[in-house]
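Each remark here refers to the structure printed beneath this line.
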There are 2 protein chains.
Amino acid sequence: MSQEGVGVDLETSLGYLLKESSSALRAAMEEVLRPLGMSVTHYSCLELLAQRPGLSNSELARGAFVTRQTMNVLLQALERDGYVTRPAQPPVGKVLPTRLTPRGRRSLEKASAAVRSVEARMLAGLTETEQSDAFRILQRMIHSLRGDNEGA
Amino acid sequence: MSQEGVGVDLETSLGYLLKESSSALRAAMEEVLRPLGMSVTHYSCLELLAQRPGLSNSELARGAFVTRQTMNVLLQALERDGYVTRPAQPPVGKVLPTRLTPRGRRSLEKASAAVRSVEARMLAGLTETEQSDAFRILQRMIHSLRGDNEGA
DNA sequence: TGACTCATGTCAGCATTCTGACATACGTTG
DNA sequence: CAACGTATGTCAGAATGCTGACATGAGTCA
């Protein structure tokens, strides 16, 4: 039923499996966030702001793994709808520190609980050791991919 | 320098780290595929066809983690440019089995080598044991996320 | 056979994200 | 101080992917 001796079996590729995992996680998150009228990027932005108040647009973009242009579009919508606030004038330089409004914080609460339940489901069946193994291995992969390990 | 006692530290979330890994992998793949004028989805489609000739549009979509509508648009472009072929009439039902043309196969060769080098870089620094651990853990995560483990 | 369910291919419209470009502000270096 | 490189916020246009919808074909079951 399967192919044999084709060279690179997708079924044995860690890269492919990583993409599959990430896709499954994203789909599961979308499923629970949709009833709340929130997209994954939308949620990521609010969660970042809850944990690190005052992040700038560019910092939020890096944290949510999108471009700063994309985050800017999102922030303008969130600001218009009253979920976040930014000062009219930058306190220093061009950087506009962003903060959650009470409304934004309320909106995040349900979403955060929903996402946490998804993550809990993902980790169900994994031992503590396996979780820390996964953490260490994924960090190593990121490090290698970014080429931090070059030079002498 | 970091926040403490905020509840959920993004720096300790396996879900966030999974997204970060996947994002780093995708960025690395885009970097090496761009000079070849190929996107990740584009490459994924060709690679799938190389390994499993005759896949249908819907099967390709599932394998590349996009909707069948998205894959349909891509296939029409690839067919127009002579990278793949589909029969004018479905042999059975509505399913159109797709195959690489020699041109498609040639185009894939360089891309496949480039992507393989990215995956090799990602896995550099991991022992055989760590790789198989990661494989098992990621599969477990996918399984749990999809809810295959319910019922009695 | 006929009704029902499901999967497929495809078209159209919309949402999201990206690339390109520009002006501005900071830090460093001469 | 002046020039340079870098980072930021933002606008505009293009690419990419998604949702919704429809017709068609296969399989199931009464």
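Chain identifiers are assigned alphabetically (A, B, ...) following the order of the sequence lines, protein sequences preceding nucleic acid strands; residue numbering begins at 1 within each chain.
For residues 43-68 of chain A, the set of pairs meeting the ring-ring contact (aromatic ring centres under 6.0 Å, His included) definition, not counting sequence neighbours, comprises A:F65-B:Y16.
Rounding to the nearest 0.5 Å places OG of B:S21 at 4.0 Å from CG of A:L138.
For the OP1/OP2 pair of C:dT17 and a distance below 4.0 Å, the side-chain nitrogens and oxygens of A:T67 include no atom meeting the criterion. Side-chain nitrogen and oxygen atoms of A:T70 include none within less than 4.0 Å of the OP1 or OP2 phosphate oxygen of C:dT16.
Here the shortest heavy-atom pairing between A:E130 and B:I137 reads O-CD1, 3.4 Å.
Between B:M38 atom CE and D:dT16 atom C1' the separation is 17 Å, expressed in whole Å. One interatomic measurement links the two molecules: CZ of B:R62 to C1' of C:dG9, which rounds to 13 Å at whole-angstrom precision. The separation between B:R26 atom CZ and D:dT16 atom C1' is 10 Å, rounded to whole Å. The CD-P distance, from A:Q89 to C:dT24, rounds to 14 Å in whole Å. For the pair B:H42 NE2 and D:dG17 C1', the interatomic distance rounds to 16 Å; values are reported in whole Å. Across the protein-nucleic acid pair, B:M71 atom CE and C:dC11 atom P stand 16 Å apart, rounded to whole Å. A:L75 places its CG atom 15 Å from the C1' atom of C:dT17, with the value rounded to the nearest Å.
DNA chain C is contacted by both A:S39 and A:G93; A:S39 maps to the nucleotide lying nearer its 5′ end (nearest heavy atom per residue).
Under the 3.5 Å distance criterion, with hydrogens and angles disregarded, no donor-acceptor pair is assigned to the side chains of B:T41 and B:S44. For B:E20 and B:S23, the side-chain atoms include no donor-acceptor pair closer than 3.5 Å. Side-chain contact check for A:S39 and A:E30: no donor-acceptor pair (N or O, by modelled atom type) lies under 3.5 Å.
Formation of a donor-acceptor pair under 3.5 Å by the B:R140 side chain with backbone atoms of A:G125 is found in this model.
For A:T41, taking side-chain heavy atoms from C-beta onward, the closest of the listed nucleotides C:dT19, D:dC18, C:dT17 is C:dT17.
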Below 3.5 Å is the cut-off: list the nitrogen or oxygen pairs between protein and nucleotides 9-12 of chain D, distance only.
unit_1 : atom_1 : unit_2 : atom_2 : d
D:dG9  : OP1    : A:N57  : N      : 3.3
D:dG9  : OP2    : A:S58  : N      : 2.8
D:dG9  : OP2    : A:S58  : OG     : 2.6
D:dG9  : N7     : A:R68  : NE     : 3.0
D:dG9  : O6     : A:R68  : NH2    : 2.7
D:dT10 : OP2    : A:N72  : OD1    : 2.9
D:dT10 : OP2    : A:R86  : NH1    : 3.1
D:dC11 : OP2    : A:Q76  : NE2    : 3.0

